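Scroll down for the structure; my scribbles are underneath it.
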Amino acid sequence: MDNYPSPPVGDRLRHRIPRPAELAPLLRPRRPQLAGARRRLAAAADVADLRAVARRRTPRAVFDYTDGGAGEELSLARNQAAFRRIEFRPSVLRDVSSVDTSASLLGEVSALPIALAPTGFTRMMHHEGETAVARAAADHGVPYTLSTMGTTAAGPLAAAVPGVRRWFQLYLWRDRSRSRDLVLSAAEAGYEALMLTVDTPVAGPRLRDVRNGMTIPPALTARTLLDGALRPWWWMNLLTTPPLEFASLSQWQGTAADLGNLMFDPGATAEDVAWLREVWPGRLIIKGVQTAEDARVMAGLGVDALVVSNHGGRQLDRAPVPLEELPAVVRAVDGAVEVYLDGGVRSGADAVAAVCLGATAVLVGRAYLYGLMAGGEAGVRRVLDILSTEVRQTMQLLGATSVKDLTPDRVRLRAG
């Protein structure tokens, strides 16, 4: 092998033609992937990349329904901005060659301190819908929550994906007998937990939906037809698969807000939680707690877990930011119930930060919907792959070998 002497200090380097043997280690072309969806998903480095893919591939009204929030979307923005104020405090020279990312949720093991949140109208985002999300959750060993406003019923989902940990989310209807029927249906289908959402006395003002003329299912207007011409695959899938309808309603034509105002009961009180305790035999979770004072009251109602949540910024704009309220809520319940956090989680590092601040786990909603819109079931799997990798890497860099090591001294929430 030829040796090239180092030039004297101060001499200019002479250019030369590299030998083929020197170029070989630098030439590492990627193996071509013929499937477009597989290529798009593999190229996504984080959830933000999948969001960009989802935006290109989904009609604007559908994407905005998923992506948007209430009012001026201040709560939506603040939820995510709070995580950017997290400062980690790592411990060094720790053996992190083996890391356990699992967490105990409601007495059962979850592979990550993450559960998939309830989302409505899921088959509108992608024709594979709730079943695709549940399959991805089962493969990654995390719980999946089916929404009252889902497009798949509790029984068929359980039959399609029997191996997933199933939670069922409930809105209290004005018609209590209808709520009872939904609860009993979920119990018969083997759902282990009921998640009661309590921050929806009425529907929030979703201005993107108003401006887009969003209806459920999407109407064939001049605007949507033009949008569909740019995304024919979405419309083709919608029109060639079973009709898009709510599993809990026989038929609906109108806006999401109108449906919410029809269903939601503004007269619901804490007494209804006691009623649910009589009807529901399993674990009970309350979602939508936004203050320590309410958390203390809810924990005294005999529930098993609380979710600190402002509905992803989709109900009351300028609502409290869940991450900021989390430490106070954890102190208020003092270990009486598990505490989950929902809102603004876009990465595994976000999940780790929330656990450090006292959360048992986080709920992820929009993030997996971006994956679903980007590539169906494979897209949801890609989101969970990314989150799993990020959780593990963040723990290793923090010097934590288990979720139990994620303690408050490892983070600082800097002032905004």
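The shown structure was predicted, so the numbers you read here are calculated from the model rather than taken from an experiment. Every heavy atom of this structure was used, including side-chain atoms; hydrogens, water molecules and symmetry mates were not.
- Counting heavy-atom neighbours within 6.0 Å of R208 CZ, excluding the residue itself, gives a total above 12.
- Formation of a donor-acceptor pair under 3.5 Å by the Y370 side chain with backbone atoms of V47 is not found in this model.
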CA sep, side-chain torsions, deciding dist, call: T66, M124, side chain to side chain contact (heavy atoms under 4.5 Å, CB included): CA-CA 10 Å; T66 304; M124 182 173 68; 6.0 Å; no
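- A salt bridge does not link R410 with D405: none of the charged nitrogens is closer than 4.0 Å to a carboxylate oxygen.
- The environment of CD in E271 is sparse: at most 12 heavy-atom neighbours from other residues, nucleotides or ligands sit within 6.0 Å.
- Proximity of a side-chain donor or acceptor of R166 to a complementary backbone N or O of V164 within less than 3.5 Å is detected.
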Derivation of the side chain to side chain donor-acceptor pair (under 3.5 Å) call for T122 and T119: CA-CA 6 Å; T122 312; T119 59; 3.2 Å; yes
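- For the residue pair D199 / N310, no side-chain donor-acceptor distance below 3.5 Å is found, with atom types taken as modelled.
- Under 3.5 Å, the side chains of T151 and E130 contain a donor-acceptor pair of N or O atoms.
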Full working for side chain to side chain contact (heavy atoms under 4.5 Å, CB included) between T401 and D95: CA-CA 8 Å; T401 59; D95 181 358; 5.9 Å; no
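- Using a cutoff of 4.0 Å between basic side-chain nitrogens and carboxylate oxygens, R165 and E192 are scored as salt-bridged.
- L341 has its side chain out of reach of V307: every pair of non-hydrogen atoms, C-beta onward, lies at least 4.5 Å apart.
- Remark: D181 CG to D175 CG distance equals 8.0 Å, nearest 0.5 Å.
- Salt bridge status for R206 with D64: absent, with no side-chain N to carboxylate O gap under 4.0 Å.
- The line from SG of C356 to CZ of R89 is 11.0 Å long, rounded to the nearest 0.5 Å.
- With 3.5 Å as the limit, one finds a donor-acceptor pair spanning the side chains of S147 and Q169.
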R277 and D304: CA distance, side-chain angles, deciding distance, salt bridge (charged side-chain N to carboxylate O under 4.0 Å, His left out) verdict: CA-CA 11 Å; R277 259 299 175 212; D304 299 285; 2.8 Å; yes
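- Partner of W167 under the side chain to side chain contact (heavy atoms under 4.5 Å, CB included) criterion, chosen from L116, L194, I285: I285.
- Figure legend: R314 and Y65 shown as a cation-pi pair, the cationic atom lying under 6.0 angstrom from the six-membered ring centre and within 45 degrees of its axis.
- Using a cut-off of 4.0 Å between Lys/Arg side-chain N and Asp/Glu carboxylate O, R123 and E128 are scored as not salt-bridged.
- We find the CG-CG distance between L50 and L372 to be 11.0 Å, quoted to the nearest 0.5 Å.
- Under a 4.0 Å N-O distance rule, the pair D67/R51 qualifies as a salt bridge.
- Here the closest non-hydrogen pair linking Y144 and A134 is CD2-CB, 3.8 Å.
- Taking a cutoff of 4.0 Å between a charged side-chain nitrogen and a carboxylate oxygen, E324 and R85 qualify as a salt bridge.
- Checking D100 against S402 by side-chain atom types alone, no donor-acceptor pair falls below 3.5 Å.
- Shown are V403, T360, L105, T101; of these, the side chain to side chain contact (heavy atoms under 4.5 Å, CB included) with S110 is made only by L105.
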Residue pair W280, W275: steps toward the side chain to side chain contact (heavy atoms under 4.5 Å, CB included) verdict: CA-CA 9 Å; W280 173 253; W275 171 74; over 6 Å; no
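- Distance check, rounded to the nearest 0.5 Å: CD of E377 to OG1 of T131 gives 9.0 Å.
- Side chains of H140 and D385: a donor-acceptor N/O pair is present below 3.5 angstrom, by distance only.
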